[in-house]
Structure formats: C-alpha cells, structure tokens
Amino acid sequence: MPREPQINAESVRLMQALLARPDAAAVAAGAFRKAYPDAPQAMIDAAVFHVVIDGVEATVDWLAAVERFIRDPSEGLDFGAVWHVVYHLYNWLQFEALMPMGATGLKEHLGDVKHFIEEDDKEAALDVLKRLVSAIEGDAGPPGIG
C-alpha cells in the first residue's frame, strides 16, 4: 500500500503566510530583483506572475482538484488544473535558467544575432531573437508528453 503524504507543519505555516500576504507580488518583485540584479525588468515581472501571482493560484487550484478527485474519482483529475500548474512551473524553470545570464548574457545573445545578420543568415538571427523574446516574455508552453 502506498504511504500517506508526510506534510511538514512548517511548510503548511509558510504556505498559509504566503496566501495571507496582501503584498506578495510587490515583496516578491523585490526578492527577485535582489536575487537577480542583472535581470531585465520584463523577466522580473514575468517571474513574479508565474511564481507568485498566477502560479500560487494555479497550485491551490491543483491541490483542490486532487481533493475533488479523491472525493469523486469518476470525474477524473481536472486536466485544466494540472496543465495550469505545470505551465507556470515550466515557465519558472525557463526563467531560472535565463535570469542569471542578466544583461551580459542578453548582450551575448544579441551579439549572436548581429553575427548572423552580418553573415546574411536571417533565419538563424530570427531564431535567436524568437527564443529571446519568448524567454523574456515568459509565455512558453510546456513541452508535450507522450
């Protein structure tokens, strides 16, 4: 038989504190800025959205969907709730990989674009730009599974 979940009481207290914060987005923006001082503001804003604003809401909705499923398995586990939380987690993982590169990394990528333009490789330049814009805007869908 599977083991029962082992929920840490401190984790529950911290979760409750987060859910009760009236200023979570503003405080999180400051925390992200402190952790990633070179990150562009657009990336900080998107990280706050994916982690603190919509990400927290999606996580709570997913937990509620799990309880609804346990109560009535005939309805299945809400695909929308699962996808929503995965979407925000995926975008956070994208940011976590990109934010440390900050302005220096962005300049390097823009240098790649310049190089491709000088080499008359418009397709490669557009590909780099497309990936940078997608990363900065933080709207990447998670990869398909299966």
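Bear in mind the structure is a predicted one, so any value in this text is a computation, not a measurement.
The number of heavy-atom neighbours closer than 6.0 Å to CD of E67, taken from other residues, nucleotides and ligands shown, is above 12.
To the nearest 0.5 Å, atom NZ of residue K34 and atom CD1 of residue I44 are 13.5 Å apart. Here the NZ-CD distance, from K130 to E123, works out to 10.5 Å after rounding to the nearest 0.5 Å. Taken from CZ in F49 to CD in E57, the straight-line distance is 8.0 Å, to the nearest 0.5 Å.
The shortest distance between side-chain heavy atoms of L126 and V113 does not fall below 4.5 Å. Looking at heavy atoms from C-beta onward, V51 lies out of side-chain contact with F95 at the 4.5 angstrom threshold. In this structure, V48 and I53 have side chains that are in contact, with non-hydrogen atoms separated by less than 4.5 Å. Residues Y87 and Y90 have side chains not in contact (no heavy-atom distance under 4.5 Å, counting atoms from C-beta outward). For the pair H84 and D54, the minimum side-chain heavy-atom distance is below 4.5 Å.
When all heavy atoms of G80 and D78 are compared, the pair lying nearest together is N-OD1, 2.9 Å. When all heavy atoms are compared, the tightest approach of A47 to W92 is CB-CZ3, 4.2 Å. The two atoms that bring D61 and A81 nearest to each other are O-CB, 4.0 Å, heavy atoms only.
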Using distance only, find each side-chain donor-acceptor pair of residues 11-22 under 3.5 Å and give its atom names and separation, not counting sequence neighbours.
from: R13; atom 1: NE; to: E10; atom 2: OE1; distance (Å): 3.2
from: R13; atom 1: NH2; to: E10; atom 2: OE1; distance (Å): 2.9
from: R21; atom 1: NH1; to: D23; atom 2: OD1; distance (Å): 3.4

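Hydrophobic clustering (ILVMFWY, side-chain heavy atoms < 4.5 Å, transitive): V27 and V52 are in distinct clusters. When the side chains of ILVMFWY residues are joined at heavy-atom separations under 4.5 Å, either directly or via intervening members, V85 and V60 end up in two distinct hydrophobic clusters. Under a hydrophobic-cluster definition in which Ile, Leu, Val, Met, Phe, Trp and Tyr are linked whenever side-chain heavy atoms come within less than 4.5 Å, directly or via other members, V56 and L63 are assigned to different clusters. Hydrophobic clustering (ILVMFWY, side-chain heavy atoms < 4.5 Å, transitive): I7 and I70 are in distinct clusters. Under the 4.5 Å side-chain heavy-atom criterion for grouping Ile, Leu, Val, Met, Phe, Trp and Tyr, F69 is connected to V86 within one hydrophobic cluster.
Looking at residues two or more places apart in sequence or on another chain, you find no side-chain hydrogen bond (donor to acceptor under 3.5 Å, both in side chains) involving E75.
The aromatic rings of H50 and H88 are tilted relative to each other, their planes meeting at an angle between 30° and 60°.
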